[in-house]
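In what follows, a single structure is set out as structure tokens and then discussed.
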2 protein chains.
Amino acid sequence: MPKRVDHAERRTQIAEALVRVAGRRGLHAVGMRDVAAEAGVSLRLVQYYFETKEKLLLYGLQHLAVRFGERVTARARSAGTAPGPRATVESLLLTSLPTDEESRAFHLVYTSYAVLSVTEPALAAQPFLQQPGAAEDVLTDLLSQAAAAGLTTPDLDPRLEASSLLALSAGLGTSILVGHRTPDSALTVLHHHLDRIFAGPERD
Amino acid sequence: MPKRVDHAERRTQIAEALVRVAGRRGLHAVGMRDVAAEAGVSLRLVQYYFETKEKLLLYGLQHLAVRFGERVTARARSAGTAPGPRATVESLLLTSLPTDEESRAFHLVYTSYAVLSVTEPALAAQPFLQQPGAAEDVLTDLLSQAAAAGLTTPDLDPRLEASSLLALSAGLGTSILVGHRTPDSALTVLHHHLDRIFAGPERD
DNA sequence: AACATCATGGTACGGTCGTATCACGAAAAC
DNA sequence: GTTTTCGTGATACGACCGTACCATGATGTT
């Protein structure tokens with residue numbers, strides 16, 4: 001067998017090029033030629049590693065979801081050793097906010113995918129768009145633990161609060177994205193909401 | 001002068017066709033030929049009343065914003081005579097949720113526009129995308145009045161709560177849109193949040 | 001050394017999209 | 001009644017996009 005290149009690595013390289021150019025010019029405006037140019041390869045290679053554009057998009061979204069998961073856990077770890085429930089919750093939510101340029105691009109592309117999935121069944125059927133469901137489970141667990149430890153407002157409904165927090169973060173995120181709100185003001189809103197949930201003296 | 005047709009009416013007709021097809025197949029998939037076919041006119045006519053596609057999109061978004069405003073006020077009026085602040089707030093927020101098919105299409109198209117505006121400065125510069133800002137002002141006023149009347153939790157920050165409510169509704173809206181949540185569960189979350197704000201015995 | 005196979009480049013094809021052009025009927029103005 | 005202008009249709013053009021096709025180094029295998 002000849003040259004043998006690492007396909008997974010190459011696909012990742014191209015997928016990240018896709019995400020970059022989509023974050024810059026919008027997902028609707030990315031063509032295979034743009035992705036090829038951004039990745040520094042020829043159009044033919046993009047075709048070679050992803051036969052069709054749809055597969056490229058699908059892989060791009062999948063890659064984005066994975067990277068997002070890594071971001072969350074990385075941020076959660078760097079939050080310090082044995083962080084309190086509130087700090088954990090906060091770091092989880094803050095990670096999904098488009099604060100720096102990278103997370104901005106991330107949020108934009110992910111939202112674009114979500115909007116596309118409404119009218120394209122092939123996208124909606126993909127599992128990674130259901131990641132919010134998983135996040136809700138994790139959040140619900142965290143809130144349950146906090147409630148059991150007496151750190152929260154009494155009579156707290158963990159799942160309901162988790163839904164509320166996620167929807168709020170998502171809304172704040174898109175607000176920042178479209179320029180209706182600054183990251184700081186979003187942080188204020190989020191902190192205020194968390195203050196209502198966590199009654200204890202814990203602070204980030 | 002010859003036949004003299006009502007331009008405004010014709011433009012509205014075409015713009016609504018645009019919104020319909022965009023709600024069905026996604027804004028990214030809408031071409032001028034689709035709009036023409038949906039409106040029952042020739043491609044040339046779409047060009048005639050809107051010279052360029054960009055102007056058509058702009059007018060479509062504007063029309064959408066206007067219709068949305070009408071929806072809000074209509075819903076607010078039909079909420080009953082002299083509705084309490086909470087009922088007014090609730091009706092305002094519920095109107096922006098994609099519950100029925102029409103509001104679903106509305107929400108989808110509006111979100112598509114918002115996502116587009118991130119990467120297309122021409123769209124971001126348009127004033128109608130700042131309607132959320134106006135909504136926040138209205139909400140802030142309503143909450144201030146309610147607070148002054150003693151209907152709310154003490155020490156309420158009206159502007160902060162208005163921001164929070166709008167972001168929450170937006171997040172819930174997109175959740176419904178992409179199929180992550182049912183309208184009912186969104187209602188539950190919203191009601192719960194409102195319960196935290198409005199302390200009085202008032203109920204919808 | 002000959003060969004099979006992977007990786008890559010270049011390029012052409014069919015389709016679609018936004019836009020421009022040409023043409024014509026109809027009605028108001030003179 | 002002629003002329004001018006508005007409304008409308010049909011169609012053509014140039015660009016771009018996704019995909020397919022053909023060619024050719026490079027590199028293992030036999």
Test side chain to side chain donor-acceptor pair (under 3.5 Å) applied to A:H28 and B:E120, step by step = CA-CA 11 Å; A:H28 68 282; B:E120 323 255 329; 2.9 Å; yes
request  = Verify side chain to side chain donor-acceptor pair (under 3.5 Å) between A:D137 and A:T140, making sure each step is shown before the conclusion.
outcome  = CA-CA 5 Å; A:D137 291 343; A:T140 303; 5.2 Å; no
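Applying the 4.0 Å criterion to OP1 and OP2 of C:dT8, one finds that A:Y49 has a side-chain N or O inside that range. Contact between the side-chain N/O atoms of A:H7 and the OP1/OP2 oxygens of C:dC6 is not found at any separation under 4.0 Å. Dashed line: the shortest gap from a side-chain N or O of B:Y48 to OP1 or OP2 of D:dG7 is under 4.0 Å.
Contact of the A:E38 side chain with the A:R24 side chain is registered, since non-hydrogen atoms from C-beta on lie closer than 4.5 Å. Under the 4.5 Å side-chain criterion, counting only non-hydrogen atoms from C-beta, A:L56 is not in contact with A:Y49.
Near DNA chain D, meaning a heavy atom under 4.0 Å away, the residues from residues 8-17 of chain B are B:R10.
The backbone N or O of A:V138 lies less than 3.5 Å from no partner atom in the side chain of A:D141, so there is not a single donor-acceptor pair. Under a 3.5 Å cut-off, the side chain of A:S164 and the backbone N or O of A:L160 do not form any donor-acceptor pair. Checked by atom type and distance alone, the side chain of B:Q13 pairs as donor or acceptor with a backbone atom of B:A39 at under 3.5 Å.
Atom-to-atom, CG of B:D6 to C1' of D:dC6 comes out at 14 Å; the value is rounded to the nearest Å.
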So which protein N/O to nucleotides 16-20 of chain D N/O distances come out below 3.5 Å?
from	atom 1	to	atom 2	distance (Å)
D:dG18	OP1	A:K53	NZ	2.5
D:dG18	OP2	A:M32	N	2.9
D:dG18	N7	A:R33	NH1	2.8
D:dG18	N7	A:R33	NH2	3.4
D:dG18	O6	A:R33	NH2	3.0
D:dT19	OP1	A:T52	OG1	2.6
D:dT19	OP2	A:K53	N	2.8
D:dA20	N7	A:Q47	NE2	2.9
D:dA20	N6	A:Q47	OE1	2.9

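A:F50 comes within 4.0 angstrom of no nucleic acid atom, judged by non-hydrogen atoms across all strands.
With sequence neighbours left out, A:F106 forms a side-chain contact (heavy atoms from CB on, under 4.5 Å) with A:L64, A:F68, A:Y110.
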